[in-house]
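Worksheet for the structure shown next.
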There are 2 protein chains.
Amino acid sequence: MKRDSGRKQPSMGDVAAAVGVSKTTISRYLHGEYGYMSDETKARIETAIKELGYRPNRMAQGLKSTVSNMVGVTIADIGNPFSSQMLKGIQQELRARDIQLLVSDSNNDPAIERANIEALLDAQVDGLIVNTVGGNDAYLTAYCTGGEPKPMVMLDRFVRPMVCDCVATNNHEATVEMLDHVAARGFSHVVFVTRSDRGVSTRSIRREAVERYLAGHGASVNGASDDGGLSGEVLVYDGGIDDLRARLAAVVGERGAGRVCLFANNEESMRDVMEAMPELDGERGRIGVCAFADERWARYSGEGITCLDQQPVLMGRTVAKALLARTCGGGDAEDAILEEGAADGIVVAARNDGHLLFEVPAQLHIHASTMR
Amino acid sequence: MKRDSGRKQPSMGDVAAAVGVSKTTISRYLHGEYGYMSDETKARIETAIKELGYRPNRMAQGLKSTVSNMVGVTIADIGNPFSSQMLKGIQQELRARDIQLLVSDSNNDPAIERANIEALLDAQVDGLIVNTVGGNDAYLTAYCTGGEPKPMVMLDRFVRPMVCDCVATNNHEATVEMLDHVAARGFSHVVFVTRSDRGVSTRSIRREAVERYLAGHGASVNGASDDGGLSGEVLVYDGGIDDLRARLAAVVGERGAGRVCLFANNEESMRDVMEAMPELDGERGRIGVCAFADERWARYSGEGITCLDQQPVLMGRTVAKALLARTCGGGDAEDAILEEGAADGIVVAARNDGHLLFEVPAQLHIHASTMR
DNA sequence: CTGTTAGCGCCTTCAA
DNA sequence: TTGAAGGCGCTAACAG
């Protein structure tokens with residue numbers, strides 16, 4: 001009835017003994033292979049299992065079948081709310097398939113990340129989801145191109161050339177959408193604020209998108225606009241608030257009475273900006289702010305911050321589907337994902353050597369911070 | 001050199017064959033039992049392992065040794081940023097001991113939680129950390145008092161009577177501290193805003209703390225203060241924003257010109273309040289707000305919200321320590337935790353039948369929302 | 001319809 | 001200082 005009623009967990013042998021059949025029969029019962037099983041033994045097995053509170057040992061199962069029904073995920077910084085949303089999405093898919101999730105936090109340290117991946121593989125996971133901290137491209141590439149690696153899918157990151165499936169935000173399009181919005185709201189200058197991208201693909205991609213946009217609109221990067229279009233620049237800092245404050249003040253001051261919009265690369269940078277310039281509120285109208293950030297947070301921050309929400313739950317669901325297609329599905333990841341994902345706007349944005357890049361669209365939410 | 005260079009993962013037998021010794025010797029080498037081993041074989045084993053890229057299969061190890069070096073955690077709602085912070089803390093401790101973490105999300109559903117716990121046990125975890133969704137008290141109690149259960153520790157929750165170790169916030173003291181602050185700032189009425197506590201211990205505990213405080217200060221709960229002290233009431237809602245809006249308006253209106261402070265039970269409720277009354281900003285000075293909430297969020301929300309931060313990372317570290325003390329440490333959980341935890345203000349707040357309740361202090365952060 | 005036999009990769013006596 | 005043998009709990013042929 002209830003597990004643990006005895007001294008120790010009963011094993012399949014115990015059940016077999018109780019019923020008076022062999023372990024094989026029990027095994028077959030468990031796997032639903034009762035095509036050729038007498039209804040009587042079936043019933044007796046059923047009650048015996050209930051009686052003893054027997055539950056199969058997944059570990060032992062995995063030892064034999066070489067599939068553990070576990071997948072591993074390494075998260076660059078699990079303390080980040082963004083991470084937990086992605087985990088939520090991953091869980092949704094895994095729960096449906098009764099697959100366990102092994103979670104590791106890399107604490108933003110490439111060495112820890114490598115150790116985590118090794119440890120997960122030692123635990124015999126069937127596949128890996130990697131939200132890399134950056135700086136491990138060589139290692140990851142070597143892994144993916146090595147012998148016969150367990151499937152890996154990258155999350156909110158990718159390496160070039162692609163050596164495995166990846167799930168990311170449509171960073172380029174999203175950035176353009178935000179810049180268009182900023183321009184439309186009459187700002188004349190945009191400052192893309194980002195921490196230095198130590199190998200984090202998302203940061204560099206967004207930065208490049210900004211630079212290309214500005215170049216394409218006849219505005220000079222880090223220079224003044226000379227034709228009434230949107231000018232802009234990229235501000236890279238290292239996490240020092242004082243440094244950031246001084247540089248922001250300089251940038252804003254330089255623009256005189258022109259309307260400037262600060263565009264933060266992520267929530268972390270957005271917080272840094274708010275910390276550095278609490279007086280932003282005082283200059284409403286002249287200084288706007290926006291960011292890649294979770295709508296749930298941005299909406300209630302300060303006066304309400306215009307943001308690009310990356311839909312992390314959807315990203316998690318997508319990455320889990322992509323991985324499962326490689327591990328057990330056997331089928332085409334592309335079909336599996338696009339079928340349901342199309343409605344959400346998920347597309348294959350690139351492919352290389354059979355590896356796909358799935359892009360999940362970011363959603364623009366407009367709030368007061370760019371509307372005065 | 002690198003793993004996977006061959007067709008398949010090499011096993012201990014392969015290494016043994018390569019070196020020309022028995023598996024036993026390899027096993028001993030791996031466990032550091034080279035007390036009686038010739039330096040030569042030791043060296044040869046070492047190189048063979050490197051050469052083949054051999055790594056022990058934790059799954060197979062666990063099958064025999066009955067310790068899997070995995071612990072499981074079920075989280076009520078992993079999408080909550082609070083959850084991810086707790087996971088961070090848990091990871092910090094587990095990583096140090098090379099223990100893997102199996103994570104399940106219960107999605108606020110008691111049935112899923114039960115299924116998750118069963119699944120984790122099937123995966124042979126050595127112990128469980130449970131952040132219960134509530135409504136599973138009977139099940140959890142039965143588990144803990146059953147045969148010989150794997151150790152369980154509850155996180156940010158507890159059941160009465162205590163049937164296992166628990167780690168929670170010092171909800172009572174924290175609530176009192178906040179109410180003292182509210183009173184000191186000259187508010188005359190406080191409204192504790194909470195969703196209905198469907199078996200979630202933290203919610204009911206806080207609510208009780210509020211009621212007791214108000215009763216103890218000569219003020220009547222849900223009534224007007226008649227002696228200049230702090231009066232107050234508890235507002236329980238069900239997640240409907242319109243309902244909440246109407247009731248908040250009524251409550252605030254009733255107070256006339258009196259200064260009212262809304263005290264939200266958690267971030268979720270705080271967001272609901274902000275959604276229901278965006279005009280709070282317009283009444284700064286007369287209407288204050290505060291909440292149990294993450295400082296990183298509260299600080300930048302609206303004008304800056306006074307909050308009680310639960311230090312979730314520290315809670316995570318504490319719960320992991322408590323569990324490890326039961327699983328492998330063999331030692332006293334109390335000593336293990338209090339030794340380092342004392343500096344952080346962690347105390348044993350209750351004990352029952354050998355089970356301990358560890359309380360992690362919440363920290364009061366004062367911001368503009370209660371200061372005008 | 002059901003049982004026998006051999007392992008999966010590792011650990012653990014017991015012998016040598 | 002090292003092996004051989006048996007078994008953890010389960011699966012997978014191959015026989016009946």
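Naming: A, B, ... by sequence-line order, numbering from 1 per chain.
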Salt-bridge present (A:Arg351, A:Glu334; N to O < 4.0 Å): yes
Could you walk me through whether B:Glu340 and B:Arg317 pass side-chain contact (heavy atoms from CB on, under 4.5 Å), step by step? CA-CA 11 Å; B:Glu340 305 167 39; B:Arg317 283 216 307 275; over 6 Å; no
Base, sugar-phosphate alone, or nothing: which one does A:Tyr29 contact when heavy atoms must sit under 4.0 Å apart? nothing
Within 6.0 angstrom of B:Glu33 CD, more than 12 heavy atoms from elsewhere: yes
As a quick check of understanding, evaluate side-chain contact (heavy atoms from CB on, under 4.5 Å) for A:Leu87 and A:Ile78, giving each step before the final call. CA-CA 9 Å; A:Leu87 285 177; A:Ile78 204 177; 4.0 Å; yes
Could you check how far CD1 of B:Ile26 sits from C1' of D:dT1, rounded to whole Å? 14 Å
A:Leu63 has an atom CG; how far is it from atom P of D:dA12, in whole Å? 12 Å
Can you measure A:Leu52 atom CG to D:dG9 atom P for me and round it to whole angstrom units? 14 Å
Dot-bracket notation for DNA chain C is requested: 5' to 3', Watson-Crick or G-U wobble pairs only, both distances under 3.5 Å, with ( ), [ ], | and . as defined. ||||.|||||||||||
Name the closest nucleotide to the A:Thr24 side chain, picking from C:dC11, C:dT5, D:dG3. C:dT5
Out of D:dG7, D:dC10, D:dG3, which has the shortest distance to the side chain of A:Asn57? D:dC10
Nearest-angstrom distance from the residue atom CG of A:Asp39 to C1' of C:dC1: 11 Å
Which one, D:dC10, C:dC10, D:dG3, comes nearest to the side chain of B:Gln61? C:dC10
Check every atom of C:dC10, C:dA6, C:dC1 against the side chain of A:Ser38 and return the nucleotide holding the closest atom. C:dC1
When the distance from CZ of A:Arg58 to P of D:dC10 is rounded to whole Å, what number comes out? 12 Å
Interatomic distance where CD belongs to B:Glu33 and C1' belongs to D:dT1 [whole Å]: 13 Å
Check every atom of D:dT2, C:dT2, C:dC11 against the side chain of B:Arg28 and return the nucleotide holding the closest atom. D:dT2
Using a heavy-atom cut-off of 4.0 Å across all strands, would you classify B:Met37 as base, sugar-phosphate, or nothing? sugar-phosphate
Distance in angstrom units between A:Met12 CE and C:dG7 C1', rounded: 14 Å
Could you state the interatomic distance from CG (B:Leu324) to CD (B:Glu93), rounded to the nearest 0.5 Å? 7.0 Å
How far does the P atom of C:dT2 sit from the matching atom of D:dG9, given to the nearest Å? 25 Å
Upstream residue (5' side of DNA chain D) when B:Lys42 and B:Ala60 are each assigned their closest nucleotide: B:Lys42
Length of the CG-P vector between B:Asp14 and C:dC8, whole Å: 10 Å
Between D:dC10, C:dC10, C:dT2, which one does the side chain of A:Thr41 approach most closely? C:dT2
Counting only distance, no hydrogens or angles, is the base of C:dG9 paired donor-acceptor with the side chain of B:Lys23 under 3.5 Å? no
Looking at D:dC10, D:dT11, D:dG3, which one has an atom nearest to any side-chain atom of B:Ser22? D:dG3
Options C:dG9, D:dG3, C:dC10, nucleotide nearest the side-chain atoms of B:Val21: D:dG3
Can you figure out which of C:dG3, D:dG6, D:dC10 approaches the side chain of A:Thr25 most closely? C:dG3
Could you go step by step and tell me if B:Lys88 and A:Asp77 meet the side-chain contact (heavy atoms from CB on, under 4.5 Å) rule? CA-CA 8 Å; B:Lys88 180 119 199 161; A:Asp77 175 14; 2.5 Å; yes
Using atom P in both nucleotides, what's the gap between D:dT11 and C:dC1 to the nearest angstrom? 22 Å
Kindly compute the distance separating CG (A:Leu102) from CG (B:Leu102), expressed to the nearest 0.5 Å. 4.5 Å
For a side-chain contact (heavy atoms from CB on, under 4.5 Å) with B:Leu101, tell me which candidate from B:Gln91, B:Met70, B:Arg95 qualifies. B:Gln91
